[in-house]
Amino acid sequence: MIDDAQTKQKILENTLCNVFENMYYMFPERIIHSYDQFSFPLLCFYTQVPFCENQKRFYLYAAKLLVTKMAKNFLGEERSFEDDELIDIFREAANVIIGNFISASDAAPDVRFQVPVITEKMIKSCVSERSSDIDLIYAIESDFFKIELIG
């Protein structure tokens, strides 16, 4: 897998945009300095996904409202969704984002990651709880999305 942080970040940015544009018909906008468009505390779906072979791990956060919009776009249904359906949508997004990132990074064919376990988490700010190699924040249809990579 590529070790250059800038290259990894660019691959991750491209992967995330491709997944959201092609699966959910949404267009992520990276937020760099001004986070005041988000109202904290914010209820998010959250997962941390470790790689099986090493210390790398992804952290993903998505506002619950964003995941609801993702479900509507992906399934083509205008209805309310149960939490277990939203969890499945977020888990699938995490799987596809991480899997596509690994593929685009020219990783060894045996690089694997654990199945994402999804929980709800109230976050109080955009500030990371850990020191990450990559920490990207997006507004997607005005809703919060964050992805971090360590390792």
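Quick note: numbers below take in every heavy atom, side chains included, and nothing from hydrogens, waters or symmetry partners.
- No side-chain donor from either of Asp135 and Ser132 sits under 3.5 Å from a side-chain acceptor of the other.
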Exercise for the section: Test side chain to side chain contact (heavy atoms under 4.5 Å, CB included) on Asp83 and Glu120 and set out the steps. Expected result: CA-CA 10 Å; Asp83 276 356; Glu120 285 187 11; 3.3 Å; yes
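- A chain of hydrophobic side-chain contacts below 4.5 Å, direct or via other Ile, Leu, Val, Met, Phe, Trp or Tyr residues, connects Val67 to Leu75.
- Of the candidates Leu149, Ile150, Val49, Ile150 is the only one forming a side chain to side chain contact (heavy atoms under 4.5 Å, CB included) with Tyr59.
- Separation of atoms CG (Asp133) and CD (Glu148) is listed at 10.0 Å; rounding is to 0.5 Å.
- Aromatic ring orientation, Tyr24 versus Phe74: tilted (interplanar angle from 30° to 60°).
- In this structure the side chain of Asn100 never reaches within 4.5 angstrom of the side chain of Asn18, judged on heavy atoms.
- When all heavy atoms of Phe27 and Glu21 are compared, the closest pair comes out as CD2-CG, 3.4 Å.
- Within a 6.0 Å sphere centred on OH of Tyr25, other residues, nucleotides and ligands contribute 12 heavy atoms or fewer.
- Atom CZ in Arg57 sits 7.5 Å away from atom CD in Gln114 (nearest 0.5 Å).
- Listed for the Arg91 side chain is a donor-acceptor partner under 3.5 Å among the backbone atoms of Pro116.
- In terms of heavy atoms, Ala5 sits closest to Ile134 at O-CD1, 4.0 Å.
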Problem - CA sep, side-chain torsions, deciding dist, call: Phe113, Phe58, ring pair (Phe, Tyr, Trp, His ring centres under 6.0 Å) - result: CA-CA 10 Å; Phe113 57 94; Phe58 276 95; 8.0 Å; no
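- Ring centroids of Phe20 and Tyr138 are separated by 6.0 Å or more, keeping the two rings apart.
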Practice task
Please step through side chain to side chain contact (heavy atoms under 4.5 Å, CB included) for the pair Ile123 and Tyr46, ending with a clear verdict.
Solution key: CA-CA 10 Å; Ile123 61 170; Tyr46 162 78; over 6 Å; no
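- Nearest approach of Ala139 to Ile31, heavy atoms of both residues: N-CG1, 3.7 Å.
- A donor-acceptor distance shorter than 3.5 angstrom exists from the side chain of Lys8 to the backbone of Gly151, with no hydrogens or angles considered.
- Under the 3.5 Å distance criterion, the side-chain polar atoms of Thr47 are matched with a main-chain donor or acceptor of Val117.
- For Lys10, the NZ atom sits in a loose shell: 12 or fewer heavy atoms of surrounding residues, nucleotides or ligands are nearer than 6.0 Å.
- Crowding of Glu82 atom CD: a count of heavy atoms from other residues, nucleotides or ligands under 6.0 Å not exceeding 12.
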Exercise for the section: Given side chain to side chain contact (heavy atoms under 4.5 Å, CB included), test Ile137 with Phe144 step by step and report yes or no. Expected result: CA-CA 7 Å; Ile137 298 170; Phe144 179 79; 3.9 Å; yes
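- When all heavy atoms of Arg79 and Lys72 are compared, the closest pair comes out as O-CE, 3.4 Å.
- Hydrophobic clustering (ILVMFWY, side-chain heavy atoms < 4.5 Å, transitive): Ile140 and Leu65 are in distinct clusters.
- Expressed to the nearest 0.5 Å, how far OH of Tyr61 lies from OG of Ser128 amounts to 6.0 Å.
- Between Thr15 and Ile97, the shortest heavy-atom distance links the atoms CG2-O, 3.4 Å.
- The CD atom of Glu85 sits 8.0 Å away from atom CD of Glu77, with the distance rounded to the nearest 0.5 Å.
- Across all non-hydrogen atoms, the minimal contact from Leu66 to Ala62 is CD2-CB, 4.2 Å.
- Here the straight-line distance linking atom CG of Leu60 with atom CZ of Phe145 works out to 4.5 Å at 0.5 Å rounding.
- Rounded to the nearest 0.5 Å, atoms NZ (Lys69) and CE (Met26) are 6.5 Å apart.
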Exercise for the section: Run the numbers on Ile89 and Phe81 for side chain to side chain contact (heavy atoms under 4.5 Å, CB included), then give the verdict. Expected result: CA-CA 10 Å; Ile89 289 290; Phe81 293 91; over 6 Å; no
